[in-house]
Structure formats: structure tokens, C-alpha cells
Peer 1: 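Pasting in a structure now, in C-alpha cells, and then I'll have a few things to ask.
Predicted model, so just to flag it, every value in this text is computed and none were measured.
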Number of protein chains: 4
Amino acid sequence: MANIASKEKIAQRRYDILQAAIEVFSSKGYHSAGVADIANALGIGHGTIYRYYKNKRDIFNAILAELLAQMADVVQQEPPSTDSLDDYRQQLERIAAHMMRIFQQDPRLARIAFYEAMSIDEEARASVDHFIAVFAQFTAHYMKNGVDKGFLRANMNQSMAAQLITAMIMEAVKKIATGKDNEADIQQWKSEIIHFVIGGLSAG
Amino acid sequence: MANIASKEKIAQRRYDILQAAIEVFSSKGYHSAGVADIANALGIGHGTIYRYYKNKRDIFNAILAELLAQMADVVQQEPPSTDSLDDYRQQLERIAAHMMRIFQQDPRLARIAFYEAMSIDEEARASVDHFIAVFAQFTAHYMKNGVDKGFLRANMNQSMAAQLITAMIMEAVKKIATGKDNEADIQQWKSEIIHFVIGGLSAG
Amino acid sequence: MANIASKEKIAQRRYDILQAAIEVFSSKGYHSAGVADIANALGIGHGTIYRYYKNKRDIFNAILAELLAQMADVVQQEPPSTDSLDDYRQQLERIAAHMMRIFQQDPRLARIAFYEAMSIDEEARASVDHFIAVFAQFTAHYMKNGVDKGFLRANMNQSMAAQLITAMIMEAVKKIATGKDNEADIQQWKSEIIHFVIGGLSAG
Amino acid sequence: MANIASKEKIAQRRYDILQAAIEVFSSKGYHSAGVADIANALGIGHGTIYRYYKNKRDIFNAILAELLAQMADVVQQEPPSTDSLDDYRQQLERIAAHMMRIFQQDPRLARIAFYEAMSIDEEARASVDHFIAVFAQFTAHYMKNGVDKGFLRANMNQSMAAQLITAMIMEAVKKIATGKDNEADIQQWKSEIIHFVIGGLSAG
DNA sequence: GATGAATGAGCCTTCATTCAT
DNA sequence: GATGAATGAAGGCTCATTCAT
């Protein structure tokens, strides 16, 4: 029992550190932020941090992993295929909405994933790139399904198209995280993306 | 005469340092790269660097400024308006091609502009963001023209649409810089973007 | 309790660093001395120094402030006025003796206050100059009292006379700190100063 | 002939550099001043300086040597002995006046001799100290003469008294150089010093 | 378990000096 | 003779990480 309580406490501490680190990394940037800044934000000794994370880099990893897992959920919750253009449109809307919601809830994550992670080291960048690639692969998969079923046009480079759609979604995500876009704006971002995708991809 | 020769030499040295810095910054990242690395790459003393640039940050600024100027040329060389959907399509193609060419010629610049610059400090990030915003404004302007002339649909958020187009172009640019895409791939990227834009925006 | 012990330790460390810095600054000079020299003298890492003082200059400031405070005590412990030439003579003796004792105990301080401080920057110099000025003002004040009470001659420039007395005391101080003067020498220095002052200032 | 002209030119250049160095060293301080600052002040290349002086330290040496020589003149022009208290008083006045004039003409020298020189290295400090000692020895010599001839009291430490007189003169010199004392002030400084010395030393 | 004192690798930057032109 | 480009020693300072308490 004590063990369980202890485990919960540990988990809580790890979580608290992560939250503080998100705040610190997103406001000062990974390189300018010090481990001591994170500890200060929590009112704990900075040595304590090292009892929960191997090092500064490890904290960032944890943030990133958690965020990427959250983002991965977006596609994993989707049915692997749709049966009509309208179905696909709705799926696209759900995915975009879901993705935007993550960053609307915690806009600081956008800076961490899209800016800081890209300049720490090869591994961090690869980690994000890999997620984006996987996301794009899902998208490509949806499109292949649409082509196979005939509701999307065949003469496209599915991979590239998927990457462009992904880029549009990510762009909207960044803008929503960065700016002060409200719910109506989010609807518009989705609407504009849908226009491009449906208009650009639909068969005939 | 001596003065002219000297000025040329100085310009050459500044250029050499910039090139070495591009290599070093893009391969190790701004933060991990030292001024000494740049000097070593050139086989000169690191003190010499400071005769040509105020400090490490100043070198990065120069790289960024040069690159953004090059990118700004892309839209500044374009006519401010087009008269038909086909004209617009061609303009879009030119812009995308031009932009991709810059990074195809020196792919290292992509990492510098899109990754490193975002994590150095507020100023560097703002500098890139501002360029992107201006670029998107040009795009928005082209679209307003199309709406006014009736060859683009009126029911769009011009600003958002412009930003999404910009995001697609930048995405293609990054991919071309990062990957080993050849001329054919570049054609395809353009083609896919055109499909999205024309399909998604055209009237009727 | 732990806190108190900690505070004591911190105070001790600050004191140790100050002592080492006095040694290093007085033997090599402020400019030639490195923070690493101070750390080496203590057998500690140089980074440790920065936990106790903001920077090299701050260490010097602390030494100087401490010394000037000690010197300020000399006059602040004196009664503001005396009633006879003999009283005044005795006061002068006390002041000179007190001042000389400070530097006899730690001769290295003389170099720091009178030589190094003068060449670090405007602020350090002003700091010493200000102290000297205040000291001279006290002296001038004592003299005005003597003139008012009639035991010192009226036809003098009190400010200048005070500055000259101060200069004599400081000169003796420097000589005592620099040389290997013993107790007897100190008595003589005092005696000679008294001769000048009493002989030069006494009324009638 | 060409040689003579050349020698004159060289001498002129050395002199110009010295003057510029006096300005630069006295305004920024020896350590903060760069060789380039001196060259800039003259509008010449900083490499040129090294054709006239071995190094930065050598320039300072030259300034100091020149100044000390000038100061040495003050006592060397004096008769080795005087025959009455009044003669001695007049000699003292001449010496003080002469010394003050040097620094009134070029107040920048005060900072160089009394402040900067003390913190460069052992040699520079020794150089100034040696001059002061020699100056004090002359003064002591004058006093021994006075004691021998009976117009100065015998019960004094001639060396210390001489050093105190020297200190007073140097103090007045510094004040005159630092402040904006006019001719009348200079007279007063002399007057106050005389009062101390004559009052403090005269026999009976 | 928590703490924060200690550490030193590492990096930017300055500037006196040299020397090829 | 004059120049200023090049150099690299030198040093101040930061901060991630360790570990004794």
C-alpha cells in the first residue's frame, strides 16, 4: 500500500516537473532555460529534479513523448477507412478538430514540438519528424482508400498530397496555439482546409 | 585601387565566413556550434571571425537576412495581379518553383531558417515569422485580386487560405531541402500544390 | 538550526574567499589576478566563487566596502568635538593610531585601497575618494571646533588643512603597510604628524 | 641632412604618440585603453605604434620616465642648502610651486603617475616609489642642513618628516590636477603647507 | 527522499602583438 | 615606412550534473 501511495507520489512529482518544464521551456526556450528555472517554478531544489529525470534532455524527451502520444491518438481513434467523400470530409474535420484542440488547450506545446524540438539535436528532430511522417502515412492511407473506392481522384502523388494536408493541419495548429483564435476561428481554419482538400482531391 | 581590392577581399572573407557558418550551423545546430568551429572549417584563427562579424549572433543574423532577402525576391519579382485562373496558376507555379530552387541549391538554409532560427531568441523567430507573414500577405493579395476579378470563389477567408498555401509551399521547400528530391519530384510537389489550390479555390 | 549552520557556513565561505582575494589581488594586482587564482588559493573550483559573489568585480567591491567601513569606524568612534589643544592632540593620536593599526594588521589592504582601487574603474576610485573626502570633512569639522574655541588659529583654510592632515595620516598608513615598521616606528610616525599639525595649527 | 630630418620626424612621431597615449591612458585608464585607441586618436594605423615603441607597456614607461624626469628637475634646480628658516621657507615654496605647475599644465599626468602607474606592475610602481623616495631624500637633506645650522629643531625623525612633507606636496598636486583650482587656490595650498612645515619644524 | 553546495567543461570574446603587403 | 589583417593566449562566466548531508 505504501508502495502504491509512493508510486502515485512519484508519478505526481514527475507530472509536476513536466508541467513546470513545459512552462519554462516554452517561455524561455530549451537552451535558455535552466534546470534551476524548472525547480524554482516548483519551489523545489534543483537537485531533486534529477531524482525524477536523468537529465535536462530527458525531461524534454518526456514532454515530447507525451505530446506525440497524444497526437498519435488522433489518428489511432479513427476508423481505418471511409466509404464516401462526405465520410472522408467528416473524418478530416474530426482529425483537424482533435489536433487543434490539443494545442488550443495547451498552446505552449506548439512551441515545444514545432520550434524547440527542432533545434535540440538530431534525435529530437527525428522524433517529431517521424511522428509527422507517420501521421502523413495515415493520411496517405486514407487517401489510397478513397482512390481505391473511387471517391478521390487517382492521378495524385498520394504521399505528397498527404504531406501537404498534414502541413496545412499543422499550420492551423501553430496559428491557433500562437494566436488568440477563438472557437469560430477554429471552425474557419477547418473549413478552409476542407475546401482545399476536397476541392483539390475529389474525383471529377 | 588598393581600397577596392581590399573591399573585395573583405567581402570575400565575409562571404567565406558566412558559408562556413551555414555549414557549421546547419550541421551542428546554432547552439552546439562554436565560433571556433567556423574558424576551423576555414582554417583561420577564431579571433579573425570577430574582425568581420560582431559576434556569433551577428553571423547568424547575416545568414538569415541574406536568405530572407533572397526569399523576398520571389514575390517582389511577381506582377501584383493576374487576370485569369490560368494566369494565377502560372504565377503560383513560378513562385513555388522559385522558392524551391533556393533551397534546392543550398538545402542547409532550410534548417537554418525553419529550425535553428526558431529557437535562438525572440528576435530571430520574429524575423522569420515576419517574412512568412509578409509572404502570406502577398498571397492573400493575389487572392483578393482573383476574387475581385471573379476567377476565385468569394466565400473564403483570404488570410487563412493564403497562410495555408504558404504552409504548403514551405512544406514542399523543407522536404526538398531535407530529402534528395530531384527535378521530377519538384515538378510533382508543384503539381500537387496547384491541384489543392486551384481545386480548392476556383470559382464554380 | 540547519539554516543557522548553513548561514554560518556561507558567511565563512564568503569570508574565506574574501581573504584569498585580498591575498591574490594584493600580490598580483586586480587586473593580473584571475578568479581562478582565488579559487586555486582556496583549493576550490572556480565556479564555486560565483556562488558567493556575482563576479570578480563584486569580490573587489566587498573587500573595499569592508575596509572602508572599518576605516569609517575610526572617526565615528570619536567625540565630535574637543575642548583644548591637548584634547585635540590626543584625538589626533587616537585617530592616527587606529588607522595605522588597521593596516598594520593587514598590510595587503593598503595596496588594495590605495593602489588597485584607483585603477579599476571610475566607481571604485570614487568610492575611495569619497571615503577620503568624508574623513577629511570630519577632520575639518574638528578644526573648525578648535578655531571656534580659540585653541587653533583662525587664519587657515580649514578644508585644505584637513586634507593635508589626512594625506599625512594616509601616507604614514601606506608606509607602515608597505614597510616593516614596528611599534616604535608607529609611535614616531604619530609623533611627527602631531608635530606638524600642532606646530602648524596652534594659535599663538 | 635627410637623416637629421628623419630623426626629427621620428622624434615628433614618438612625441605625438606619447601625447595621445597620455590622453587615452588618463581618460580610460591603462588597462581599459587599447593600443588601437591611441592610434585612432592620432589617425594612424595601430601597427605603426609598434615602429616607435616596443609595446604598450613601453609607451607607458616613456610617459612615466618623461614625467619623473620633469619632476626630478624640481629639486635638481634647487641649491643644496639654505641658511635660514626664511630661506628654507622660500625654497619650500619654490619646490611646491614648481611641482604644482607641472600638473596644473597637464593634469592628466596626475592620474597616470599617481593612480595608473601604481597598478600596472611591480616595476612601474617601484619607479614612482623610487622617485618619491629620492624626492623625500632631498627634502630630508634640506632638513638635516637646517638642523645642522640650527634653524630647524633637532628632535625629529628627518626621514619621516621629509616623507610627510612630500606627501603633503603630492596631495596638493593631485588636488590641483583633479580639481579646477585656480592660481589663488594654488597659493593657498602652498601657504597651508608652509604653515604646517614651518610651524611644525622650526626651532624654538 | 530532498537538497543545494561544489564542480569544471566549455564557450564567447578581447586585444596586444606580429608581419606580409 | 605605414598599415591593418590575422592570430591565439587568456580569462570571465554559465550551468548541467553529482553527491554528501
Peer 1: Taking C:R108 for its side chain and C:I22 for its backbone only, find out whether a donor-acceptor pair lies under 3.5 Å.
Peer 2: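 A pair under 3.5 Å: no.
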Peer 1: Could you say whether C:N55 or B:R13 is positioned toward the 5' end of DNA chain F, judged by the nucleotide with the nearest heavy atom to each?
Peer 2: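 Closer to the 5' end of DNA chain F: B:R13.
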Peer 1: Can you see which heavy atom on D:L18 is nearest to which on D:A62, and at what distance?
Peer 2: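 So the two residues come closest at CD1-CB, 3.7 Å.
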Peer 1: For C:Y30, is there any backbone N or O sitting under 3.5 Å from a side-chain donor or acceptor partner on C:E116?
Peer 2: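 Looks like yes, one N/O pair under 3.5 Å.
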Peer 1: Would you say C:L68 and C:S127 make side-chain contact, with heavy atoms under 4.5 Å?
Peer 2: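 Counting from C-beta outward, C:L68 and C:S127 do come under 4.5 Å.
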Peer 1: Evaluate side-chain contact (heavy atoms from CB on, under 4.5 Å) for A:E123 paired with A:R57, printing each intermediate quantity in order.
Peer 2: CA-CA 11 Å; A:E123 189 197 335; A:R57 185 64 173 68; 3.6 Å; yes
Peer 1: Tell me, what's DNA chain F's dot-bracket, Watson-Crick or G-U with both distances under 3.5 Å, | for other-strand, [ ] crossing?
Peer 2: .||||||||||||||||||||
Peer 1: Starting at the 5' end of DNA chain E and moving along, which residue's nearest nucleotide shows up first, C:H46 or A:Y52?
Peer 2: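 This one resolves to A:Y52.
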Peer 1: On DNA chain E, which is the earliest and which the latest nucleotide, 5' to 3', with an atom closer than 4.0 Å to a heavy atom of chain D?
Peer 2: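 The footprint of chain D covers E:dA16 to E:dT18.
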Peer 1: I'd like to know whether C:F25 forms a side-chain contact (heavy atoms from CB on, under 4.5 Å) with C:I38, so could you lay out the CA-CA distance, the side-chain angles of the two residues, the decisive distance to 0.1 Å, and finally the verdict.
Peer 2: CA-CA 9 Å; C:F25 286 154; C:I38 300 171; 3.9 Å; yes
Peer 1: Between A:K56 (side chain) and A:A33 (backbone), is there a donor-acceptor pair under 3.5 Å?
Peer 2: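 Side chain of A:K56 to backbone of A:A33, a donor-acceptor pair under 3.5 Å: yes, one is there.
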Peer 1: With DNA chain F as reference, determine whether B:G45 or C:T48 sits nearer its 5' end, using the nearest nucleotide of each.
Peer 2: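 Result: B:G45.
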Peer 1: Please report the closest heavy-atom contact between C:A41 and C:A20, naming both atoms and the distance.
Peer 2: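 Nearest pair, atom of C:A41 first, then C:A20: CB-CB, 4.3 Å.
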Peer 1: Closer to the 5' end of DNA chain E via nearest nucleotide, is it C:I49 or B:K56?
Peer 2: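 In this pair, the answer is C:I49.
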Peer 1: Would you sort out whether D:R111 and D:T178 count as a side-chain contact (heavy atoms from CB on, under 4.5 Å), showing the intermediate values?
Peer 2: CA-CA 8 Å; D:R111 172 158 175 190; D:T178 309; over 6 Å; no
Peer 1: Does the Lys NZ or Arg CZ of B:R14 fall within the cation-pi geometry relative to B:Y53 - under 6.0 Å from the ring centre and within 45° of the axis?
Peer 2: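 Yes, a cation-pi geometry.
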Peer 1: Can you list, in residue-number order, the parts of residues 18-43 of chain B that come under 4.0 Å of DNA chain E, counting heavy atoms only?
Peer 2: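 Output list: B:A33, B:G34, B:V35.
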